[in-house]
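By convention in this document, chain letters (A, B, ...) are assigned in the order of the sequence lines, proteins followed by strands, and residues within each chain are numbered from 1. For the numbers below, each heavy atom of this structure counts, side chains included, while hydrogens, waters and symmetry mates do not.
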Number of protein chains: 4
Amino acid sequence: MGIEERRNREKLARREAIIVCARELFLAKGFNATTMDEIAQRAELSKGTLYLYFNSKEELYVTVMSEGLKILFDRIEETFNLDLPPDQVIRKLGEVYYRYYLDHRDYFRILFFLEHGDVSKQLPRELIQANLDKGIRCLQLFAGVVQNGIEEGIFSPVDPRKAALAFWGATNGILFLFEEELNREIIGMDVEQLIYYTLDLFIKGLLKK
Amino acid sequence: MGIEERRNREKLARREAIIVCARELFLAKGFNATTMDEIAQRAELSKGTLYLYFNSKEELYVTVMSEGLKILFDRIEETFNLDLPPDQVIRKLGEVYYRYYLDHRDYFRILFFLEHGDVSKQLPRELIQANLDKGIRCLQLFAGVVQNGIEEGIFSPVDPRKAALAFWGATNGILFLFEEELNREIIGMDVEQLIYYTLDLFIKGLLKK
Amino acid sequence: MGIEERRNREKLARREAIIVCARELFLAKGFNATTMDEIAQRAELSKGTLYLYFNSKEELYVTVMSEGLKILFDRIEETFNLDLPPDQVIRKLGEVYYRYYLDHRDYFRILFFLEHGDVSKQLPRELIQANLDKGIRCLQLFAGVVQNGIEEGIFSPVDPRKAALAFWGATNGILFLFEEELNREIIGMDVEQLIYYTLDLFIKGLLKK
Amino acid sequence: MGIEERRNREKLARREAIIVCARELFLAKGFNATTMDEIAQRAELSKGTLYLYFNSKEELYVTVMSEGLKILFDRIEETFNLDLPPDQVIRKLGEVYYRYYLDHRDYFRILFFLEHGDVSKQLPRELIQANLDKGIRCLQLFAGVVQNGIEEGIFSPVDPRKAALAFWGATNGILFLFEEELNREIIGMDVEQLIYYTLDLFIKGLLKK
DNA sequence: CATGAATGAGCGTTCATTCAT
DNA sequence: GATGAATGAACGCTCATTCAT
């Protein structure tokens, strides 16, 4: 029995190793430019073994994405549990998002910026559903905070869901701008300045005059 | 004499046909997944002919992007020439951007959402410079409008450049959200509602209380 | 255990098979006109497999050359070990060279007559260095023999290095003449007559009067 | 009539221009690496026009070779007309050959060193016959000089034809050695030293003791 | 369970040659 | 006669996937 357990542990460790190596490479070179050979080599496994753990390159990619999403969602949920006033929660959420962008640039790019192509199209739904649920939940929590702010009289009476989505979109959009070298040349300032500026502008827009 | 003219017309038409076919395919499948064979086939030309008009797949891609950018920039510049009050210019700009997103979904995706990878890296600078310059110019015009608004006393005293960038990033970010099937499931409302909402929020944030 | 050995044997055999097929084709058609497809087909392997054994067409070509050079160098070194008087060593060397030309016409052509173009230009130096060293060594041995002949008083006092090089160049040049169909028509005699004649002439030039 | 003459002149000039451009390119890049496009461009003609003057790339190549041969043969024949003593004629011939190598490196390489592949195989005989005849004639003249030297008692009694061929082969072989970068590394001295050394050695071999 | 050798379809690009004008 | 746009067959090389061991 102990043998079987050890084997299971080893299998999990191996799986994890593959994911880690794949993530590093997918980030550095994108989905297409990363080869299964490279992943296998970096993980010190044979190429065939990769196919024991993942049915295809696509599935491996989605798995990597899921791991990254989990980290982000966890951080976001923590924020909601902090019990701060609504405007501060929102600012904090922006900071958390930006922090994640800084700390996990690799995941961030894979999740939001890299071309996924038809990667997720022909994958089994269950691989995705859990993340989807989490996303919906986060949005509800966010909308709840806005709702609170309105009820407490510090926010203007807006549609809370829309506000939450606008916030997410705007934040993402700013970070996205900086992904392209050419855009950076046009922008001519650094991310931090712009992201905080946008946060403030957004919150100012929410606050009652 | 008329002969040469007709030939030139035909050449331009053929060039345009290639661009059209390439755009459709690049949009549908991304840069990497689109092959020169497919483009040639769709354009009913031989593969070799493509290389008479474009030196490489990359150059063709950038040409497609440029054509799309040109349309967008033209629309934006028109807006600046409309001689409206600053807050209305900005709203109009948002609408123009959204309109472009609706009318030229294919260009929009290619320009802003598709992974370009290293496409533009090894291309002659001059292919890109013109677009870059236009982008910078648009941003300056935008910042000028904000500046006017401040001087006229209708906007709070903000950094005009930052405001312009935040606007661009936020608008882009909203539209970007809707690109992913999965996001759309989370969002549960249509683009139009959210984009106009965000526009209003943004302008409200700019206006003096 | 024996399994691994057998596998290694098989791999080596396959590698050798590739080299053999490549040699035949390179000889028959030259470097450029020979395609990897043809080599693969002749070796009854897939094209991809070729690239498991050789990183590029160039590397395969150089490998073929190396194998041919090895045979020649081995024969030459044997000759030096024969412990003959200087003039007889030199004659023997000429014969060995000519013998190699007869026995390994394919290698001979590839080594000395075929245009290699830029084949060796972008190859890692170490692939070539070994052969270069052998070549230099052979030349030194040759010069040593001439030096001995001079010291023993049977050769005129010449520059031993130059003599060795002149010998190599002259021998090669004669054989080279016969490579072109057109030259053969002009010459009107067979290789053997001319090569031995030249050998004698050369040695006569070295010998003290 | 004058019109037709002018046309003929123009046609010849055009033909010559093609040959000149082709030679420069064939030398610089070899047969395969030179494209008809480049030749056409350099000659400021359309690619189609090339095919009005030459049936194929191969035929153009052979034509280039013929022009180079003509120059060499003319120089050689001049030498025979100089009326020098036999040993000096031979030395002079070596010098002429080496001079041609220096002055017309491009032709020299094309004529003797570049891979011709099957270039000349399927070409009409008449393109080649004239050169062949000249080659045979030169060889006869050379053999005649040796014969004279023998009759005058300054050369040992050798086979004059063989001597001539050995001379040609040896000289060619020396120059050939220097064509390969790798050989040059082995050789470690310059052409001039070695070619004159070989000439002297050869003549010494001919001279009566 | 793990391996890694083998596959083969596919890619972007080139270029000698043709042919309608 | 001259043009130059168009062709299409090749080419060297890659890489996700398979499968015998």
Side-chain angles (χ1 to χ4, degrees), chain A residues 7 10-11 14 31-41 44-60, chain B residues 3-4 6-8 10-11 14-15 31-40 43-60, chain C residues 3-4 6-8 10-11 14-15 31-41 43-60, chain D residues 7-8 10-11 14 31-41 44-60:
Chain A
R7 276 196 188 151
E10 281 175 0
K11 277 183 66 171
R14 194 126 45 202
F31 178 75
N32 281 307
T34 300
T35 69
M36 293 300 267
D37 271 285
E38 284 171 311
I39 298 171
Q41 198 164 35
E44 290 174 328
L45 290 167
S46 80
K47 203 168 20 167
T49 304
L50 261 51
Y51 283 86
L52 291 174
Y53 290 88
F54 301 94
N55 290 315
S56 69
K57 196 182 168 188
E58 276 80 13
E59 189 178 310
L60 176 50
Chain B
I3 289 179
E4 192 163 334
R6 196 207 52 206
R7 273 199 190 150
N8 279 333
E10 279 174 1
K11 272 187 74 168
R14 190 120 48 206
R15 196 186 131 95
F31 177 75
N32 281 309
T34 300
T35 71
M36 291 301 266
D37 272 290
E38 284 171 312
I39 297 172
E44 291 175 325
L45 292 168
S46 79
K47 203 167 22 163
T49 304
L50 261 51
Y51 284 86
L52 290 177
Y53 291 87
F54 302 94
N55 291 315
S56 67
K57 193 184 169 189
E58 276 80 13
E59 189 178 308
L60 177 49
Chain C
I3 288 178
E4 193 163 334
R6 197 208 50 205
R7 275 199 189 150
N8 279 334
E10 281 174 0
K11 272 187 72 168
R14 188 119 49 204
R15 197 186 131 92
F31 177 75
N32 281 310
T34 300
T35 72
M36 292 300 266
D37 272 289
E38 282 173 313
I39 298 172
Q41 199 162 31
E44 291 174 326
L45 290 168
S46 79
K47 201 173 15 169
T49 304
L50 261 53
Y51 285 87
L52 290 177
Y53 290 87
F54 301 94
N55 289 316
S56 68
K57 193 183 169 188
E58 276 80 11
E59 189 178 309
L60 177 50
Chain D
R7 277 200 188 144
N8 278 334
E10 280 175 1
K11 276 183 68 171
R14 194 125 46 205
F31 178 74
N32 281 307
T34 299
T35 69
M36 293 299 267
D37 271 286
E38 285 171 311
I39 298 171
Q41 198 164 35
E44 291 174 327
L45 290 168
S46 80
K47 202 166 22 163
T49 304
L50 262 53
Y51 284 87
L52 291 175
Y53 290 86
F54 301 95
N55 290 314
S56 68
K57 196 180 166 188
E58 276 79 11
E59 189 179 309
L60 177 50

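- Distance CZ (F54(D)) to C1' (dT18(E)): 19 Å, rounded to an integer number of Å.
- Rounded to an integer number of Å, the gap from E59(B) CD to dT13(E) C1' is 14 Å.
- For dA5(E), the OP1/OP2 oxygens have a side-chain nitrogen or oxygen of K11(C) closer than 4.0 Å.
- Residue S46(A) has no polar side-chain atom (N or O) positioned under 4.0 Å from OP1 or OP2 of dG4(E).
- Heavy atoms only, all atoms of each residue included: E59(D) and F54(D) are closest at OE2-CA, 4.0 Å.
- As rounded to whole Å, 14 Å separates atom C1' of dT18(E) from atom CG of L52(B).
- Phosphate contact (OP1/OP2 of dC15(F), side-chain N/O of T35(A), threshold under 4.0 Å): absent.
- Across all strands shown, dA16(F) is found opposite dT7(E) as a Watson-Crick or G-U wobble partner, with both distances under 3.5 Å.
- Rounded to an integer number of Å, the gap from K57(D) NZ to dT14(E) C1' is 11 Å.
- Taking atom CG of residue N32(A) and atom C1' of nucleotide dG12(E), one finds them 14 Å apart after rounding to whole Å.
- Panel note: side chain E38(B), backbone T35(B); a donor-acceptor pair is recorded below 3.5 Å.
- Judged by distance alone, the side chain of K57(A) and the main-chain N or O of T34(A) form a donor-acceptor pair under 3.5 Å.
- A donor N or O paired with an acceptor N or O is found under 3.5 Å between the base of dT17(F) and the side-chain atoms of K47(A).
- If you take CE on M36(A) and OG on S46(A), they are separated by 10.5 Å, rounding to the nearest 0.5 Å.
- For the pair I39(A) CD1 and dA16(F) C1', the interatomic distance rounds to 11 Å; values are reported in whole Å.
- Taking 4.0 angstrom as the limit, Y53(A) places a side-chain polar atom (N or O) nearer than this to OP1 or OP2 of dA2(E).
- Within 4.0 Å of R7(D), counting heavy atoms only, lies no atom of the nucleic acid at all.
- Under a cut-off of 6.0 angstrom, the local environment of CD in E10(B) is crowded, with over 12 non-hydrogen atoms contributed by other residues, nucleotides or ligands.
- What separates CG of D37(A) from P of dT14(F) is a distance of 11 Å, to the nearest Å.
- Set against dC13(F), dT13(E), dT7(E), the side chain of M36(B) has dT13(E) as its closest nucleotide.
- Summarising the base pairing, dT21(F) is matched to dA2(E) through a Watson-Crick or G-U wobble pair whose two defining distances lie under 3.5 Å.
- Proximity of T49(B) to the phosphate of dA5(F): no side-chain N or O atom is located under 4.0 Å from OP1 or OP2.
- Between R14(A) and dC1(E) there is no side-chain polar atom (N or O) within less than 4.0 angstrom of OP1 or OP2.
- In this structure, the CG atom of N55(D) is 10 Å from the P atom of dT17(E), given to the nearest Å.
- dT14(E): Watson-Crick or G-U partner is dA9(F), with both key distances under 3.5 Å.
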